[in-house]
Every structure is written in C-alpha cells, then in structure tokens.
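Taking it in order: structure first as structure tokens, then the write-up.
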Amino acid sequence: MIFLGPVCFMEVSQREALLRQIEEEIRRCTRCRLHTGRTHAVPGEGRPDALVMFIGEAPGYYEDKQGRPFVGAAGRYLNSLLQKSGLRREDVFITNIVKCRPPNNRDPLPDEIRACSPFLDRQIEIVNPRVIVTLGRFALHHFFPGASISRVHGQPRWLGERLFFPMFHPAAGLYQPKWQPALEEDFRKLGELIRSLTTQEGVTTEEE
Ligand code: SF4
C-alpha cells in the first residue's frame, strides 16, 4: 500500500487567495538580478488544489511576454504530452524554479535559484500536490541534488509525503528529437500512475 501522507483540508478559496498573494509578491520581487530584465514575472498557474504539480526551469521569451508558464513551443509540446497521458492542463498546476526570465534563456544561476525557491516552497505547501513532476535537471536538482536525469527519469520516488516523478524538460524533446520517445513513455507512465491514484487502487491516506 502506498502512503500518501497528510491530506491538506484547506478550502480551495483559501488556497486561491494565498496563491494570489504569492503572485503579487513575485510580480513586485527584486530579490535577484533577474527582475531587471523581465517584462512580466511568471508565477505559475493551475488548479489551487491540483493533484499534480509540474515544475520547469525558468520562463522563456513568450512566457516573459505573457506572464504565463509554458506558452511557447515547449509549452505546446507539453500540452500535447499532457493530452497523450490523459491529463488536462486545467487540472494541474504548472510553475518554474525561477519566476523571471534569465537573459538570452541562459541557465538560472545558483544564487537566483536560492533567492526564488521560497516562492516555490510556498506554492507547494498551499497546493499540496501528491505528485510533483520535475521537468529538466534544474527542477530535479532542487529536490535531489546531483541526481542524473538521464538515469532517473520516469522513475517515481517518494520524498517525504510526496511522490516525485522526474522527466526531461519538454524543450529537450523539442530540440533534440532523440529524447521524444523517453518523454512520451514517461508521460504515458505518469498518466497510469495518476489514474491509479485517483481510483485509489492500492492507495491509502492517513485517515483510512
Ligand atoms: Fe524575485 Fe524570483 Fe524574479 Fe528573482 S527570479 S526577481 S527571486 S521572482
């Protein structure tokens, strides 16, 4: 039997209000240098009580323009992967490790990740997802420092009360087609896992 940990009983409206508060803080944030180049901060979006949270790396060009996560080419690929897995984008929560676009889409730097991660930690606490899907190595390393994404992708593992599901970043599949079969297979496995959790097959919660 899988132990899912404590269930958050916070009302959806309360979660929404707390998430809005974090969004406002992010839009005003100047904690790291990335605020100087942003058009819009990208706090994240989705169901306030989502079962699954996807965490990517950082906003790109189109995300910065629109203030929404995964709306460019990688976002369209993510949408198609979600569809294939049987998940609906409106049912999940999607965010990034850093909320402002790094210049020229460079990798986020360690001090930027450190400055921004308290926002992510609070979003996780409020949404309280049972499953966290890390997209790419930066999200993976936030929870599992030093893990090799090519070794652990597609292998769910528990950390505390949550099930973590590491995956390649959709941009990796988009720009290097050799990664597409692995991404598609991992999303298929994720879909199966979520169906299993939602039908409570082999799953128990603290109050059962
Ligand atoms: Fe603040 Fe995060 Fe944006 Fe840096 S990336 S300015 S810490 S919201």
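Please read these numbers as outputs of a predicted model, since none were measured by experiment.
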Note to self: Set out, in order, the CA-CA distance, both residues' side-chain angles and the distance that settles side chain to side chain contact (heavy atoms under 4.5 Å, CB included) for T134 and M53, then state yes or no.
What the structure shows: CA-CA 8 Å; T134 58; M53 179 181 281; over 6 Å; no
Note to self: Please determine whether residues V42 and V98 belong to a single hydrophobic cluster, defined as Ile, Leu, Val, Met, Phe, Trp and Tyr linked transitively by side-chain heavy-atom distances below 4.5 Å.
What the structure shows: no
Check: Within 45 degrees of the axis of the six-membered ring of F165 and under 6.0 Å from its centre: does R157 put its NZ or CZ there?
Finding: no
Notebook entry, point to check: Which is it for R188 and E192 under the salt bridge (charged side-chain N to carboxylate O under 4.0 Å, His left out) test, yes or no, and what are the steps along the way?
Noted result: CA-CA 6 Å; R188 189 193 63 72; E192 278 180 5; 2.6 Å; yes
Item checked: N/O donor-acceptor pair under 3.5 Å between H40 side chain and D64 backbone -> yes
Next item on the list: Taking the side chain as every heavy atom from C-beta outward, state whether D91 and L87 have any atom pair closer than 4.5 Å.
Entry: no
Check: Going by side-chain heavy atoms closer than 4.5 Å, which hydrophobic residues are tied to Y62, directly or by a chain of links?
Finding: Y61, V71
Checklist line | Heavy-atom side-chain contact between M10 and D49 under 4.5 Å | finding: no
Notebook entry, point to check: Should L109 and F138 be regarded as members of a common hydrophobic cluster, given that ILVMFWY residues are connected when their side-chain heavy atoms come within less than 4.5 Å of each other, either directly or indirectly?
Noted result: no
Notebook entry, point to check: About how many Å separate CD1 of I22 and CD of Q123, when rounded to the nearest 0.5 Å?
Noted result: 5.5 Å
Item checked: Ring centers of F93, F54 separated by less than 6.0 Å -> no
Next item on the list: Report yes if some heavy atom in the side chain of L78 is under 4.5 Å from a heavy atom in the side chain of F187; otherwise report no.
Entry: yes
Next item on the list: Determine, stepwise, if the pair E90 / R47 fulfils salt bridge (charged side-chain N to carboxylate O under 4.0 Å, His left out).
Entry: CA-CA 7 Å; E90 57 266 38; R47 275 185 72 130; over 6 Å; no
Check: Looking only at atom types and distance, does a side-chain atom of K65 sit under 3.5 Å from a main-chain N or O of T39, one as donor and one as acceptor?
Finding: no
Note to self: Heavy-atom count check: over 12 atoms from other residues, nucleotides or ligands less than 6.0 Å from R106 CZ?
What the structure shows: yes
Checklist line | Test item: L190 and V131 side chains (from C-beta on) under 4.5 Å apart, heavy atoms | finding: yes
Note to self: Does any part of the side chain of F119, heavy atoms only, come nearer than 4.5 Å to the side chain of C29, both counted from C-beta?
What the structure shows: yes
Next item on the list: Might you work through the salt bridge (charged side-chain N to carboxylate O under 4.0 Å, His left out) test for K84 and E185, ending with a clear yes or no?
Entry: CA-CA 10 Å; K84 280 180 190 162; E185 172 62 12; over 6 Å; no
Notebook entry, point to check: Strictly by modelled atom types, are N128 and R162 linked by a side-chain donor-acceptor pair under 3.5 Å?
Noted result: yes
Notebook entry, point to check: Could you state the interatomic distance from CG (L183) to CD (Q176), rounded to the nearest 0.5 Å?
Noted result: 11.0 Å
Note to self: When you compare the side chain of L120 with that of H142, does any pair of heavy atoms fall below 4.5 Å?
What the structure shows: yes
Check: Between atom SG of C100 and atom CZ of R31, what is the distance when rounded to the nearest 0.5 Å?
Finding: 11.0 Å
Check: Taking E63 for the side chain and P69 for the main chain, is one N or O donor matched with an acceptor at less than 3.5 Å?
Finding: no
Next item on the list: State whether E25 and K99 are salt-bridged, where the test is any N-O pair (Lys NZ or Arg NE/NH1/NH2 against Asp/Glu carboxylate O) under 4.0 Å.
Entry: no
Item checked: Nearest-0.5 Å distance that lies between atom CD1 in I94 and atom CG in N79 -> 7.0 Å
Item checked: Gap between atom CG of L18 and atom CD1 of I126 - 0.5 Å precision -> 4.5 Å
Notebook entry, point to check: Any side-chain heavy atom of F144 within less than 4.5 Å of one from F164?
Noted result: yes
Notebook entry, point to check: Do the side chains of D111 and R33 get nearer than 4.5 Å, heavy atoms only?
Noted result: yes
Item checked: V127 with L159, same ILVMFWY side-chain cluster at under 4.5 Å -> yes
Next item on the list: List the steps and the verdict of salt bridge (charged side-chain N to carboxylate O under 4.0 Å, His left out) for E23 and R27.
Entry: CA-CA 6 Å; E23 283 178 20; R27 293 188 207 287; 3.5 Å; yes
Notebook entry, point to check: So, do F70 and H169 have ring centers that fall under 6.0 Å from each other?
Noted result: yes
Notebook entry, point to check: Distance from L135 atom CG to I55 atom CD1, nearest 0.5 Å?
Noted result: 8.5 Å
